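Structure record follows, encoded as structure tokens.
Letters A, B, ... are given to chains in the order of the sequence lines, protein chains preceding strands, and every chain is numbered from 1. Because the structure is predicted, anything quoted here is derived from the model rather than measured.
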There are 2 protein chains.
Amino acid sequence: MFSIGELSKRTKVKVPTIRYYEEMGLLAEAERTAGNQRRYDKDGLERLSFIRHARDLGFSIEAILSLIELQDHPDRSCEAANSIATSQLVSVRAKIKQLKALEKELVRISKGCDGSGVSEDCYVLASLSDHGLCDREH
Amino acid sequence: MFSIGELSKRTKVKVPTIRYYEEMGLLAEAERTAGNQRRYDKDGLERLSFIRHARDLGFSIEAILSLIELQDHPDRSCEAANSIATSQLVSVRAKIKQLKALEKELVRISKGCDGSGVSEDCYVLASLSDHGLCDREH
DNA sequence: CTTGAACCTCTAGTCACTAGAGATCGTATA
DNA sequence: TATACGATCTCTAGTGACTAGAGGTTCAAG
């Protein structure tokens, strides 16, 4: 049995975040000492590791709640879990695509500016003002 | 002179968002009719287009405020604006890198699941539970 | 038994909006 | 000129996933 601070150290999840997860129903309510402090065991550690890993992968709290439910009712959960993972993959790919477009435009904008500080008109500001200079729609 | 709804249509920025930008100091306080409704002109339209474009590129409200200040004090603003754009580019690239790592892992997780629904243990859930299965740190 | 770090709960703040209530305004039509 | 009704106004509160701080209590070492 260890304290919330100990759990925090082991999982790299901040103490207030652990309490927040409990409040959101991601973590079961922890056992308490006589003095009302939370105590955790191996199970709690594993579940929090699972949550942290899923959060790192960009799953929302809501999606994680679904995954946890699936864990508790393992019949045919594989398909359901896979569909959650797949939809996460789809949104990650969409984000990458969008960011790459942004990268391209930012490169273009930066290139126009030679950094000499001599030019009267700033190309960065002009680019942002005049959408007509863009390659793409957004 | 046109209404906030008209401005919204032309810029594709929602009406409450325009009011929010005004409150945040991104847009100057608009002129008002006798009946207290906002009225805009070409200047307002251009500034809002600038803001929308910058937001689309992922600049924060704060960064946009800096850019607007630079516009109002154009002496040597090019370097400053360029440095804001460059730091934006750096963070966009960092996000892309991170998302690509996530994509890789999600692909790996999904591949493990054959979707047949036959397997007792779900590879998706196992992958999320056991960090040791990951290729990388996160 | 004392000290002080760690813990507790509660409220409020973050960012960039979005939603809704309830009241007023502007304009097209009768 | 009267009426209808969509657009506008202000204000408050909600979103997601935390983070920060106040003010008080508990635990464990010395």
Separation of [N] [atom2] from [X] [atom1] (nearest whole Å):
X     : N      : atom1 : atom2 : result
B/I51 : C/dA16 : CD1   : P     : 13 Å
B/I18 : C/dA16 : CD1   : P     : 17 Å
A/Y40 : C/dC8  : OH    : P     : 7 Å
A/E31 : C/dC8  : CD    : P     : 14 Å
B/E23 : C/dT18 : CD    : P     : 14 Å
A/K9  : C/dA5  : NZ    : P     : 13 Å
B/F2  : C/dG26 : CZ    : C1'   : 17 Å
B/E22 : C/dA16 : CD    : P     : 18 Å

Just how large is the angle between the end axes of the helix from C/dC1-D/dG30 to C/dA30-D/dT1, five pairs per end, to 10 degrees?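 Answer for the end axes of this duplex: 10°.
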Should A/L65 and A/M24 be regarded as members of a common hydrophobic cluster, given that ILVMFWY residues are connected when their side-chain heavy atoms come within less than 4.5 Å of each other, either directly or indirectly?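 Hydrophobic grouping puts A/L65 with A/M24.
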With no hydrogens and no angle check, is any side-chain donor or acceptor of [X] less than 3.5 Å from a backbone partner on [Y]?
X     : Y     : answer
A/S49 : A/L45 : yes
A/T11 : A/L48 : no
B/D41 : B/G44 : yes

What residues form a side chain to side chain donor-acceptor pair (under 3.5 Å) with B/E103, not counting sequence neighbours?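 B/E103 satisfies side chain to side chain donor-acceptor pair (under 3.5 Å) with A/R93 once adjacent residues are dropped.
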Counting primed atoms, P, OP1 and OP2 as sugar-phosphate and everything else as base, the B/S/- map of nucleotides 10-30 of chain D against protein heavy atoms under 4.0 Å is B------BBS------SS---
Between the side chains of A/R47 and A/D43, is the shortest nitrogen-to-carboxylate-oxygen separation below 4.0 Å, so that they form an ion pair?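 Answer for the salt bridge query: no.
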Could I get the full list of salt bridge (charged side-chain N to carboxylate O under 4.0 Å, His left out) partners for A/K42, not counting sequence neighbours?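 Here the qualifying residues are A/E46.
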Report the residues that fulfil salt bridge (charged side-chain N to carboxylate O under 4.0 Å, His left out) with B/R10, sequence neighbours left out, ordered by chain and then residue number.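 Salt bridge (charged side-chain N to carboxylate O under 4.0 Å, His left out) check on B/R10 returns B/E6.
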For B/Y40, which residues count as a side chain to side chain contact (heavy atoms under 4.5 Å, CB included) partner, sequence neighbours excluded?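 In terms of side chain to side chain contact (heavy atoms under 4.5 Å, CB included), with neighbours along the sequence ignored, B/Y40 is linked to B/F2, B/I4, B/L7, B/I18, B/E22, B/A30, B/R38.
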Side-chain N or O of A/S3 versus OP1/OP2 of C/dC7: is the shortest distance under 4.0 Å?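 For C/dC7, OP1/OP2 do have a side-chain N/O of A/S3 under 4.0 Å.
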